[in-house]
**Q** 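Can you read through this structure? Questions will come right after.
Everything numeric here is computed off the predicted structure, so don't read it as measured data. We use all heavy atoms of the structure for the numbers below, so side chains are in, but hydrogens, waters and symmetry mates are not.
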Amino acid sequence: MKQSGNQNKRETDGGTSLESYMVRDPERFALNLARALEEAGKAAAAWSQPREAGEKRDTMAEPLADMVKTFSKLTEYWMSDPARALEAQTRLFSSYMGIWANSIRRMSGEPAEGERIEPEAGDKRFQDPDWARNAFFDFLKQAYLVTSRWASDLVENAEGLDEQSRHKARFYVRQVSDALSPTNFIMTNPQLLRETFESDGENLVRGMRMLAEDIAAGKGELRLRQSDYSKFELGRNLATTPGKVVARSDLAEIIQYAPATDKVLRRPLMIVPPWINKFYVLDLNPERSFIRWAVEKGHTVFVVSWVNPDERHGAKGWDEYFREGIAFGLKTIAERTGEEKVNVLGYCVGGTLLAASLALMAQEKDERIASATFLTTQVDFTHAGDLKVFADEEQVEAIDRAMKEKGYLEGSRMATAFNMLRARDLIWPYVVNNYLRGKDPLPFDLLYWNADSTRMAAANHSYYLRNCYLENNLARGRATLCGKRLSLADIKVPVYNLATIEDHIAPAKSVFTGSRLFGGPVEFVLAGSGHIAGVVNPPGLNKYQHWTGGTAGESLEEWLETARAAAGSWWPHWQAWIEKLDDTRLPARKLDRRKKMLGEAPGDYVRARV
């Protein structure tokens, strides 16, 4: 019997029509698949050629070996007792049978029974309507969610695992689960499948071409593009706050920003950013620039802009980063302003170095720093979060060996590690969008900055990994700087210590724990969002919230119970704290053109790319 045309367009279980999941032009589709394979071959060549020439060596062996070793410990627990293993397998199999039975009911027009597994709050992967409307894709989603949660439960319920191994197992299970999500594959993602058939495979041609370009750009490593980088330029639409480079050492440029008010606070403000990323995250654009905002609030702002190190800087350690960075900046400020007392702000690892510097300066009776602000800074690494996964003895030794070859760690290594902390947001959406959908990512200044990675000087990075993540010597009073043993309890200056509630790099619990190590008054503040968005949150956006004034207790949870919540940015609260310490104002300090200037902000060091 001849079928009607409408029947060919019938919907699948109330979802998208079957026609959307059918090849439109088989000949054109086959041609595009061939073209996509050709582009994939170019990608493979871009990956293999630097290795064949000895220009690139693989860096995944150590992390993969560590993952296998961690999973072996987990497997040993579950397989050592046959009854326990059988119970775990039965639980998973029972869940699969329930999902299968519900799929059969749905295809028969009956309602599903029992409890359905839903994605976690904030999980954006399954937003296409066919994940719920189409029985096939709903089955895939349910099976994936059940399996990934079952694997997570295996980690949590494994007795006898040491805490470091359990932490690693959680991290690696999450990485594998995120990688194997059905949203990452064409045949198991309804949106990808529809777009592939609708374009007769043109998306795959574009995607494989982009993949080849990104591997070539990374000289044999995948440089995943997260933004349209062509839309941004430092000094044009990023890092545009007016200023001058007023001093330069081998490790740092010191930038002084032009005043925006008739009068300024007596105490200048020196910002010490992390050397793991570039400082202009605090000067992204005029609307979101902390540096511009601080200038407009009457601060005379100086910024330490770290060099992007190469083989010449391999032996530069924390001693040099203190002398040629922080101490050099303080000396420059005194020469430019005549002021000895300075407010200093340190961000992330820049704050960790600042804390070590303050402890040294306290021993030496150096009182030039009048107050210290720490933004998402760890000084106690007991609860340092997922980055500790990469910082056991074997992996730190492997990193040391890799750095000795060139005198630095490639910027891509740290960028990949940071992206892995939020792979579901920072890796897989771009893999799908770029290489499977064949679409260019949208321009986004924060992601441009995120991709503008920096190298790590070998001596500096090795000291940081060992004395902070591996041995926690700074918190234990065993770290040294310039030959002197450090105690954070010697730091008596007022401290403003900011954590962010969703931070994956410097967890709020870790920052809070570190607050108790300082010897002077500490204003602990908790901001909404994460490591970047929680810090770069100008008042005009009216986003997130912050908590202040909690009673110091043993835990962050206890502090939160008594803290006061306020809507919006923490920036005005910090400004009030600064002014409470000293609100004396002087005529604005113009950039003195009688003194030597070395160039316009944002300077030369920040422009070096890897």
**Q** Using the benzene-type ring in the case of Trp, are the ring centres of Phe290 and Tyr347 under 6.0 Å apart?
**A**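 Centroid distance Phe290-Tyr347: not below 6.0 Å, so no.
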**Q** Residues in side-chain contact (heavy atoms from CB on, under 4.5 Å) with Asn277, at least two apart?
**A**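 Asn277: side-chain contact (heavy atoms from CB on, under 4.5 Å) contacts with Phe418, Trp449.
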**Q** Examine the side chains of His167 and Asp386 and answer whether a donor and an acceptor come within less than 3.5 Å of each other.
**A**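 Short answer, yes.
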**Q** Say whether Asn308 and Thr454, considering side chains only, have a donor N or O and an acceptor N or O under 3.5 Å apart.
**A**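 Asn308 vs Thr454: no donor-acceptor pair found between side chains.
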**Q** Answer yes or no: is there an ion pair linking Lys219 with Glu410, defined by an N-O contact shorter than 4.0 Å?
**A**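 Salt bridge absent between Lys219 and Glu410.
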**Q** Taking the inter-plane angle between the rings of Tyr464 and Tyr469 on a 0 to 90° scale, is it parallel (under 30°), tilted (30 to 60°) or perpendicular (over 60°)?
**A**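 Ring orientation, 0 to 90° scale: perpendicular.
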**Q** Output yes when Glu39 and Lys42 qualify as a salt bridge under the 4.0 Å nitrogen-oxygen rule, no when they do not.
**A**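 Yes, this pair counts.
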**Q** Around Glu27, counting heavy atoms of other residues, nucleotides and ligands shown, do more than 12 lie under 6.0 Å from its CD?
**A**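 Counting neighbours around CD of Glu27, 12 or fewer heavy atoms of other residues, nucleotides or ligands fall under 6.0 Å, so no.
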**Q** Please check if any side-chain donor atom of Tyr21 sits under 3.5 Å from a side-chain acceptor atom of Asp130, or the reverse.
**A**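 Indeed, the side chains of Tyr21 and Asp130 share at least one donor-acceptor pair under 3.5 Å.
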**Q** Report the relative orientation of the aromatic rings in Tyr280 and Tyr448; use parallel for angles under 30°, tilted for 30 to 60°, perpendicular for over 60°.
**A**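 Plane angle between 30° and 60°, so tilted.
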**Q** Test salt bridge (Lys or Arg N to Asp or Glu O under 4.0 Å) on Arg91 and Asp153; report intermediate values, then the result.
**A** CA-CA 11 Å; Arg91 188 166 62 250; Asp153 288 343; 5.5 Å; no
**Q** Are any side-chain N or O atoms of Glu253 and backbone N or O atoms of Tyr605, one a donor and one an acceptor, separated by less than 3.5 Å?
**A**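 Flag set: sc Glu253 to bb Tyr605 pair under 3.5 Å.
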**Q** For salt bridge (Lys or Arg N to Asp or Glu O under 4.0 Å), just list the numbers for Arg223 and Glu221, CA-CA rounded to whole Å, side-chain angles, deciding distance to a tenth of an Å, and then say yes or no.
**A** CA-CA 6 Å; Arg223 181 171 291 179; Glu221 299 286 352; over 6 Å; no
**Q** In terms of relative ring orientation, are Trp100 and Phe139 parallel, tilted or perpendicular, with 30° and 60° separating the classes?
**A**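 Ring orientation, 0 to 90° scale: perpendicular.
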**Q** Under the side chain to side chain donor-acceptor pair (under 3.5 Å) rule, what do Tyr430 and Asn419 come out as? Steps first, then yes or no, please.
**A** CA-CA 11 Å; Tyr430 297 98; Asn419 284 340; over 6 Å; no
**Q** Stepwise, does the ring-ring contact (aromatic ring centres under 6.0 Å, His included) test hold for Phe171 with Phe390?
**A** CA-CA 10 Å; Phe171 179 80; Phe390 305 106; 5.5 Å; yes
**Q** Which one of Gln226, Lys231, Glu233 satisfies the side-chain contact (heavy atoms from CB on, under 4.5 Å) criterion with Tyr229?
**A**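 It is Gln226, the one option of Gln226, Lys231, Glu233 that forms the side-chain contact (heavy atoms from CB on, under 4.5 Å) with Tyr229.
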